[in-house]
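Side chains included, hydrogens not; waters and symmetry mates left out as well; all remaining heavy atoms used.
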Amino acid sequence: MGKIVTRTAAIAGAVALTLAVAGTASVAVGHHIKVTKPTLTGWASLPAGTFVPGSEPSGSLVTGNTNGFVAPFADQPIQGFSGIAANGDGTFDVLSDNGYGNQANSGDFLLRVQRLAPAFASNQVDVVGGLNLTDPNGFVPWKLTRSDRVLTGSDFDVESIVKAKDGSYWIGDEFGPYLLHFDRGGRLLAAPAPLDGVIAPETAARTGVTATLGGSKGFEGMAASPDGRYLYPLLEGTVTGDTAGQLRLNEFDLRTRAYTGKRYVYQLDAPAHAIGDAIAVDKDRFLIIERDNGQGATAVNKKIYLADKRDRDKDGLLDKTLVVDLMNIANPRKLGGFGTTFTFPFQTIEDVVILDEKTIAVLNDNNFPFSSGRTAGVADNNEWITIALPESLRPDKRVLR
């Protein structure tokens, strides 16, 4: 049986822990480091078997290879990191996704934002808080899984997150796909906002409307403009009728709470690839994670691109420039006990955040308990790495907070 670990900090002590971690985390950023290729500057890990203490049982419908963990679990797992937002104090809000991979088996997985603090000096990640996502005011017009209106992985597949200036959360879903707006306590503030003409299979099954998107191919990434006015949700899959491997990036106006009609196109390197995250660098450029579906020995393409919506070559696509090959990161200090070349061989890598003009952090989604990219037959931990870049991203200062 897999080892179960509960690594959390008392909420009352979160402030003190945050101050300590903020100092520790600064060691991992790279503004003072000159490198000639992307270089690992920090590595921390949250054990796969980390659970929310005193929560509810979960995983009663989990089947298949669980890599040594026995389901159901006594508590809710802290897993599946599919979006990240910096709090500016050394802590980060990280989004757990829909649960165990599909709508049918995730009805007892509670959708949650986890508050985490990486401590790179000890190679650990502390859980310092979190909140469940709920709909107490009945904005979702269809029947939810739970009568208490606590949202579950059978209701939405939440995959991307933006934290607004007022502390509220905008979250991208894949079952609609929908945009969801929650207050700082995790309470839904408005009805789910659909995207015209784009229908996921889960919505098609509920409404009888024909699906135009593959399963689990909704809003995997979502960027916010530095001025806070626009959201840019990026689909993970190609819409029916579009060219294979081309993904829609739509503009959503937070003042009017409506899509503007502006749309950009991201071209995958191969149609079988997927994106993992999309965040803003400035008003025109985004960092986008692109990956294949391999893990371990079969992981080949795990990359982060700089994508520019100005389309300088006029081909109708976002311009792409490679920033990091996550399968070929220099590690001269052999951080984490790895060799001088560090790889990030996970099936799903779904979190990137800019720490300073030359440093980014990247996290994997461990698909607990299913993925085993680091060691075959062993459930993946949630790894958190920082990477120094050889050239500045020249980010808008407002994205650094």
With no hydrogens and no angle check, is any side-chain donor or acceptor of Asp284 less than 3.5 Å from a backbone partner on Lys309? no

N-O pairing of Asp380 and Arg374 below 4.0 Å: no

Heavy-atom pair of closest approach, residues Gly153 and Phe175: O-CE1, 3.4 Å

Is the shortest side-chain N to carboxylate O distance from Lys320 to Asp269 below 4.0 Å? yes

Any Lys/Arg nitrogen of Asp308 or Arg285 sitting under 4.0 Å from an Asp/Glu carboxylate oxygen of the other? no

Taking C-beta and beyond as the side chain, do Pro332 and Thr39 meet within less than 4.5 Å on heavy atoms? yes

Run the side-chain donor-acceptor check on residues 242-250: report pairs under 3.5 Å with partners two or more places apart or on a different chain.
from   : atom 1 : to     : atom 2 : distance (Å)
Asp242 : OD1    : Arg248 : NH2    : 3.1
Asp242 : OD2    : Arg248 : NE     : 2.7
Asp242 : OD2    : Arg248 : NH2    : 3.3
Gln246 : NE2    : Gln267 : OE1    : 3.0

Nearest heavy-atom contact between Gln79 and Gly99 is NE2-O, 3.1 Å

Please tell me whether Gln114 and Asp93 have a donor and an acceptor in their side chains that are separated by less than 3.5 angstrom. no

Distance col, row Ile289:CD1 vs Ile275:CD1, nearest 0.5 angstrom, shows 8.5 Å

Stepwise side chain to side chain donor-acceptor pair (under 3.5 Å) check, Asn132 with Thr134: CA-CA 6 Å; Asn132 292 336; Thr134 63; over 6 Å; no

List the steps, then state whether side chain to side chain contact (heavy atoms under 4.5 Å, CB included) holds for Leu46 with Asn381. CA-CA 6 Å; Leu46 183 71; Asn381 295 337; over 6 Å; no

How many angstroms lie between atom CG of Leu40 and atom OG1 of Thr340, to the nearest 0.5 angstrom? 11.5 Å

Stepwise side chain to side chain contact (heavy atoms under 4.5 Å, CB included) test for Lys397 and Glu357: CA-CA 9 Å; Lys397 300 303 180 184; Glu357 65 179 28; 3.9 Å; yes

Between Phe219 and Tyr178, does the ring centre distance come in under 6.0 Å? no

Nearest-0.5 Å distance, OG of residue Ser225 to CG of residue Leu231: 7.5 Å

Is Arg146 salt-bridged to Asp148, going by a charged N under 4.0 Å from an acidic O? yes

Quick one: do the Asp183 and Ser168 side chains pair a donor with an acceptor below 3.5 Å? no

If you round to the nearest 0.5 Å, how far is OG of Ser82 from CG of Asn364? 11.5 Å

Verify ring-ring contact (aromatic ring centres under 6.0 Å, His included) between Phe81 and Trp384, making sure each step is shown before the conclusion. CA-CA 10 Å; Phe81 300 153; Trp384 192 317; 7.6 Å; no

Just checking, is any N or O donor in the side chain of Ser45 or Asn382 under 3.5 Å from an acceptor N or O on the other one? no

Take Leu144 and Leu151 through the test side chain to side chain contact (heavy atoms under 4.5 Å, CB included) and record every step on the way to the result. CA-CA 7 Å; Leu144 296 175; Leu151 299 178; 3.8 Å; yes

What I'd like to find out is whether the side chain of Glu391 reaches to under 4.5 Å of the side chain of Lys358, using heavy atoms alone. no

Arg187 vs Phe182 side-chain heavy atoms within contact, under 4.5 Å: no

How long is the span from the CD atom in Glu350 to the OG atom in Ser160, to the nearest 0.5 Å? 9.5 Å

Any pair counted as ring-ring contact (aromatic ring centres under 6.0 Å, His included), so long as it reaches residues 277-332, sequence neighbours left out: Tyr232-Phe286

What's the verdict on side chain to side chain donor-acceptor pair (under 3.5 Å) for Asn366 and Ser371, showing C-alpha distance, side-chain angles and the deciding distance? CA-CA 6 Å; Asn366 71 341; Ser371 290; over 6 Å; no

Using salt bridge (charged side-chain N to carboxylate O under 4.0 Å, His left out) as the criterion, list what pairs up with Glu236, not counting sequence neighbours. Arg291

Evaluate the ring planes of Phe370 and Tyr100, with Trp represented by its six-membered ring, and classify them as parallel (under 30°), tilted (30 to 60°) or perpendicular (over 60°). perpendicular

N/O donor to acceptor pairs below 3.5 angstrom from side-chain atoms of residues 321-329, sequence neighbours left out:
from   : atom 1 : to     : atom 2 : distance (Å)
Asp325 : OD1    : Met327 : N      : 2.9
Asn328 : OD1    : Lys37  : NZ     : 3.3

Taking C-beta and beyond as the side chain, do Asp108 and Leu61 meet within less than 4.5 Å on heavy atoms? no

Looking only at heavy atoms, the pair that brings Val198 and Val239 closest together is CG2-CG2, 4.1 Å

Between Ala379 and Asn67 the two heavy atoms that sit nearest each other are N-CB, 3.5 Å

Within the 4.5 Å heavy-atom criterion, are Tyr259 and Glu251 side-chain neighbours or not? no

Is the number of heavy atoms from other residues, nucleotides or ligands within 6.0 Å of CG (Asp196) greater than 12? no

I'd like to know if Arg312 and Asp319 make a salt bridge, using a cut-off of under 4.0 Å between side-chain N and carboxylate O. no

For Val158, run the side chain to side chain contact (heavy atoms under 4.5 Å, CB included) check against Asn98, Leu180, Val113 and tell me which one passes. Leu180

Contacts of type ring pair (Phe, Tyr, Trp, His ring centres under 6.0 Å), residue Tyr266, not counting sequence neighbours: none

Report yes if the side chains of Ile288 and Asp277 come closer than 4.5 Å at any heavy-atom pair, otherwise no. no

Working note: Val353 + Leu287, criterion side chain to side chain contact (heavy atoms under 4.5 Å, CB included); need CA distance, chi angles, decisive distance, verdict. CA-CA 9 Å; Val353 64; Leu287 287 181; over 6 Å; no

Indicate whether any N or O donor in one side chain lies under 3.5 Å from an N or O acceptor in the other, for Gln103 and Ser154. no

Heavy atoms, side chains only, cut-off 4.5 Å: are Thr359 and Leu389 in contact? no

Under 3.5 Å, which donor-acceptor pairs link side chains of residues 210-217 to any protein atom two or more places apart or in another chain?
from   : atom 1 : to     : atom 2 : distance (Å)
Thr212 : OG1    : Gly197 : O      : 3.0
Thr212 : OG1    : Ile199 : N      : 2.8
Ser216 : OG     : Glu174 : OE1    : 3.1

Can you say whether the rings of Phe156 and Trp142 are parallel (under 30°), tilted (30 to 60°) or perpendicular (over 60°)? tilted

Reported CZ-to-CZ distance for the pair Phe73 and Phe109, which is rounded to 0.5 angstrom: 10.5 Å

Mind checking whether Phe342 and Phe344 have parallel, tilted or perpendicular rings, split at 30° and 60°? tilted

Considering only heavy atoms from C-beta outward, does the side chain of Val265 approach that of Leu318 to under 4.5 Å? no

Any ion pair linking Asp227 and Arg229 (charged N to carboxylate O, less than 4.0 Å)? no

Correct closest heavy-atom pair for Gly90 and Pro118 would be O-CD, 3.7 Å

So which atom in Ala223 and which in Val162 form the shortest heavy-atom distance, rounded to 0.1 Å? C-CG2, 4.2 Å

